[in-house]
Amino acid sequence: MNYNFTEIEAKWQRLWQEKQTFRTILDGQKKKYYCLEMFPYPSGSGLHVGHLKNYVPTDAFCRFKSMQGYNVLHPMGWDAFGQPAENEAIRLGRNPRQMVPEYAATYRETLIKTGCSYDWQREINSSLPDYYKWTQWIFLLLHRKGLAYRATAPINWCPSCKTGLANEEVKDGRCWRCDAPVEKKPMPQWFFRITAYADRLLADLEKLNWSEGMKEMQRDWIGRSEGTEVDFALKDSNLIIRVFTTRPDTLFGATFMVLAPEHPLVSQITAPKRRSEVEAYIRKAQGESEIDRLNISRSKTGVFTGAYAINPVNGNKIPVWLADYVLMSYGTGAVMCVPGHDDRDFEFARKFDLPIVQVVSRDGSTYELKTAEAAEGIAVNSGVWSGLSSSAFKKAIGPWLEEKGLGRPTINYRLRDWLISRQRYWGAPIPIVHCSGCGEVAVPEAQLPVLLPDVENYQPSGTGESPLALIPEFVQTVCPKCGGAARRETDTMGGYACSSWYFLRFADVGNDKFFASRSALDYWLPVDLYTGGIEHARSHLLYARFWTKVLFDEGLLGFEEPFLTLRNQGSLLAMTPGRRPRPQDEHGENDEKIVDWIVLKHEEREQYPADQIVWRWARMSKSKGNVVTPDDMAERYGADSLRVYEMFVAPFEDNVHWSEEGIHGSHRFITRVWRWLQAALPLYRREWRDELPMEMSPAERGVRRKLHQTLRKVGAQIETFQFNTAVAAIMELLNEIYAYALPEKDSLPENLNPAIISELAETLILMMAPFAPHMGEELWQQLGGTDSVYRAPWPDFDPDQIFEKTVDVMIQVNGKIKDKISVALDCGEEDVKREAMKCEKIKHLLAGRQIVKMIFVKNKMLSIVCK
RNA sequence: GCCGGAGUGGCGGAAUUGGCAGACGCAUCAGACUCAAAAUCUGACGGGGUUUAUCCUUGUGAGGGUUCGAUUCCCUCCUCCGGCACCA
């Protein structure tokens, strides 16, 4: 029978659906395994082979776990709300309400066609009311606990998407979706107080089985910094300015002070004579994009306020300046400046001719500072503290300041509170009502969900209000508290709210009483294995951990960390046509980024001169015009071949340069497996275990040994996500099987032992099943299996078969391998030495030389050192 | 600038704990089959050398070190990728 993958794959996809093979039911008798891939937002370009770099290996893993007897939860859903989907809808002039389900259906179809084993009864769409009702419910919980608050602050504003953005959604000063430079805009906004959990989010990383790199990224993002707050009195005033420093040991060197332009005391302290200049500076700072303000290579700017502060340790009068290199959003928005020992302060002092005083020395002497010396050392010019080491000084000055009421130890975080409100249509409405009498009032639970109204025009307004503000029927409501007229909150929640709890919903999709029942949560959660791209390191993964901790604190969950093990798949790169930039490309934007290559647009590709096209590797995406679709690959080579290739081509975590050539090898492998089994199956006997011969030929022993070695290896390597070497191991086995029993014209050579052939056939099918599921099922059925192969147990390897009776031991002379001898397994040192000395070659090499020592490693080698 | 990760044939990659470098695959070359091609099967495949075979030698980014022995451990440097970056 020929390998007709088109027919076989369609057949099993149909049967899996009909028989609901992957339907998962809570079964307290069985051990659960919850395996989850980050749910995608469905985009119009559909899935490409790069997406499968995650889905396919994870799917093989699930099938393997299922064969191991676990009750596997493997769900899929759609991160449907939010900017990505909405931007695409706007671009196409479509309504996201219709567009998203269409796209989701396309995704689902591709996933089915590539043989992914999801329980589709648990499909989630986060933009449906039965889901976002609970997103709103959790919002209210956060609100009740004081973890959701509204504040007016200069926020990240994307002028192109016309919405506020969380810090995590700004990369290099640009919007994560459209790459437009982000502006600062003071607006009333909703925040989640994630900073209240900063310490726990940091500490609990220790418990997680995540890659060190991933944890490090989260640590950096949280950015815990221990330091001291110091109060500086203002001269001729009773005001004080509080600063944060990690180097209180350099206090004596503080020769000036800088406030952020947005610092609340600025207008009070500014001298009348300086006022116009100060106000001009503030206006200029506000008008600048983040990209400019954060540009590290830019030279320092600043303005003197005319005010002086008193250095609390030496009573010196120091000038107070404003400069935009000090951020209002970190620490106290004010810093004491020690130009001798801080690069930024040094540069500022040089530029504005401010005094530079050395207070730390490498060796205790004083010398002229050519640059800022930030390293710790020995205090100088520091009154009674001089001579102390920096660390001793730091220890001593804290209590001293505290005693005088001038300072206190403080911890600061780089992490900012999570800005959640979006001035956009396509998100879960924030369930708050503004009442002139009662203020901010939470929508009562019974009134949830606050439905997102169906509208024709949902384009962002750009006024700072969401399009919902233009819908009177939505906005006008009554205050739940006093019954008076009130206004609904019109901002919606950013999409990351939806993805911060979806993994909980999968445990109990469809529950209309609660976000998920406690029994379902207790059984399925936490997620045992979570896979996805590394790009969510500082956003989704931090948010989801935060929400989980809040729900845990509320007693709603029995665990504090949602994702025990995390694995990040590499991406797929494809050859992409591009061009050199033209001068006008840089026009209009304050683009400091070095761009030496621009992807050709679709319309450009046709007419662009071929010799001017520059091909480069780039991540697959439809906008780059370099997409390879799984549907196409599955049609030409079969889904099973595609799957094997995606796993074999490189380690799970690695990036891959896509080429179609490699898939031939995987297809050839699959076909070879099929061909051998077609020849072997006529010999198959169900009772082969009882029929294995007592006496076996070396060839028989050899192929069985390889089989059991492979079985051990494949099981261990699937477990550790080494799919590439697991597939390679089966290829090796197949090569040995072919050497043992080469199929010709659909049959095997005569005189082969049917029991051994049966063992090989049955085990090979079971081993292939996670990787090539359609073929696995088909062959299992041909073998006589009546139920799905995934209900069959993963076979145990026989440890007795694994080891050979003899092993090759290398003989080294002075560190070089000179010969090898074959000895019995576990052969002792003396015997090996005796054998080695019998070798002609070794005898020759040792002739006339003196043996200094010998090192023996059992079953491996004997190393002879001589002179 | 700071913090991670990685450098192995023409290519993707493999090597338990420091113990036969290059598994497996792609590409290439040769042979078998064929009228022929494809498919399939078999073999060769890092560099250099010679007495051409169970041979010698060199070789895992560069240089040094530890060791009987280093792709693996240590030091210095180079390159690439990722993250953070005026966070006081």
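All chains are named by letter (A, B, ...) in the order of the sequence lines, taking the proteins before the strands, and each is independently numbered beginning at 1. Worth saying up front: this structure is predicted, and the values here are computed from it rather than measured.
Spacing between B/U17 and B/A32 at atom P, rounded to whole Å, works out to 46 Å. If you take atom P in B/G10 and the same atom in B/A23, they sit 14 Å apart, rounded to whole Å. Remark: the separation of the C1' atoms in B/U51 and B/A62 is 36 Å, to the nearest Å. Spacing between B/G18 and B/U71 at atom P, rounded to whole Å, works out to 13 Å. Comparing the same atom, C1', in B/G9 and in B/G5 gives a spacing of 24 Å after rounding to whole Å. Comparing the same atom, C1', in B/C3 and in B/G61 gives a spacing of 22 Å after rounding to whole Å. B/C55 and B/C77 are spaced 42 Å apart, taking the P atom of each and rounding to whole Å. Using atom C1' as the reference point in both B/U66 and B/U79, the two lie 26 Å apart (nearest Å).
In this structure, A/Q569 contributes its side chain and A/N54 its backbone to no donor-acceptor pair below 3.5 Å. Without hydrogens or angle criteria, A/H341 side chain to A/A374 main chain gives no donor-acceptor distance under 3.5 Å.
Not one side-chain nitrogen or oxygen of A/K816 sits closer than 4.0 Å to the OP1 or OP2 atom of B/G19. At B/G83, one or more side-chain N or O atoms of A/K171 fall inside 4.0 Å of OP1 or OP2 (strictly under the cut-off). Side-chain N/O atoms of A/R675 include one lying less than 4.0 angstrom from OP1 or OP2 on B/C41. Between A/K820 and B/C20 there is no side-chain polar atom (N or O) within less than 4.0 angstrom of OP1 or OP2.
Scanning all heavy atoms of the two residues, the minimum distance from A/R643 to A/A60 falls at NH2-N, 4.0 Å.
For A/K858, the NZ atom is loosely surrounded, since the number of other residues' heavy atoms within 6.0 Å does not exceed 12.
Listed nucleotides: B/G13, B/C86, B/G19. Nearest to the side chain of A/Y325: B/C86. The side chain of A/A650 has B/G12 as its nearest neighbour among B/G12, B/A88, B/G19. You'll find that the side chain of A/W221 is closest to B/A85, out of B/G19, B/A85, B/C86. Of all nucleotides listed (B/C86, B/G19, B/A88), B/C86 comes nearest to the side chain of A/K300. Closest approach to the A/I817 side chain among B/C86, B/C41, B/C20 is made by B/C20 (side chain taken as heavy atoms from C-beta onward).
Of the charged side-chain nitrogens involved, at least one lies within less than 4.0 Å of a carboxylate oxygen, so that A/K394 and A/E376 count as a salt-bridged pair.
Counting non-hydrogen atoms under 4.0 angstrom, A/R416 reaches a base of the nucleic acid. No contact: A/V338 has no heavy atom under 4.0 Å from any strand. Counting any heavy atom pair closer than 4.0 Å across all strands shown, A/L327 reaches a base atom. If you check every strand for non-hydrogen atoms under 4.0 Å, A/G213 touches sugar and phosphate atoms only. Across all strands shown, A/Y413 has no heavy atoms under 4.0 Å from either base or sugar-phosphate atoms.
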- prompt: Can you give one letter per nucleotide of nucleotides 22-28 of chain B, going 5' to 3': B for a protein heavy atom under 4.0 Å from the base, S for sugar-phosphate only, - for none?
  reply: -BBSSS-

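Ring planes of A/Y645 and A/W658: perpendicular class, angle over 60° (limits at 30 and 60°).
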message: Quick one, A/D231 with A/R408, criterion salt bridge (Lys or Arg N to Asp or Glu O under 4.0 Å). Give me CA distance, side-chain angles, the key distance, then yes/no.
response: CA-CA 9 Å; A/D231 294 341; A/R408 59 216 62 80; 3.0 Å; yes

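In this structure, the side chains of A/K706 and A/Y740 stay at 4.5 Å or more apart for every pair of heavy atoms. The closest side-chain heavy-atom distance from A/E347 to A/S299 is below 4.5 Å.
Taking the six-membered ring for Trp and the full ring otherwise, A/W321 and A/F256 have centroids separated by 6.0 Å or more.
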query: Can you give the dot-bracket line for RNA chain B, using ( ) for pairs inside the strand, [ ] for pairs that cross earlier ones, | for pairs with another strand and . for unpaired bases, where Watson-Crick and G-U count if both distances are under 3.5 Å?
result: (((((((..(((......[....))).(((((.......))))).(((((..).))))..(((((..]....))))))))))))....

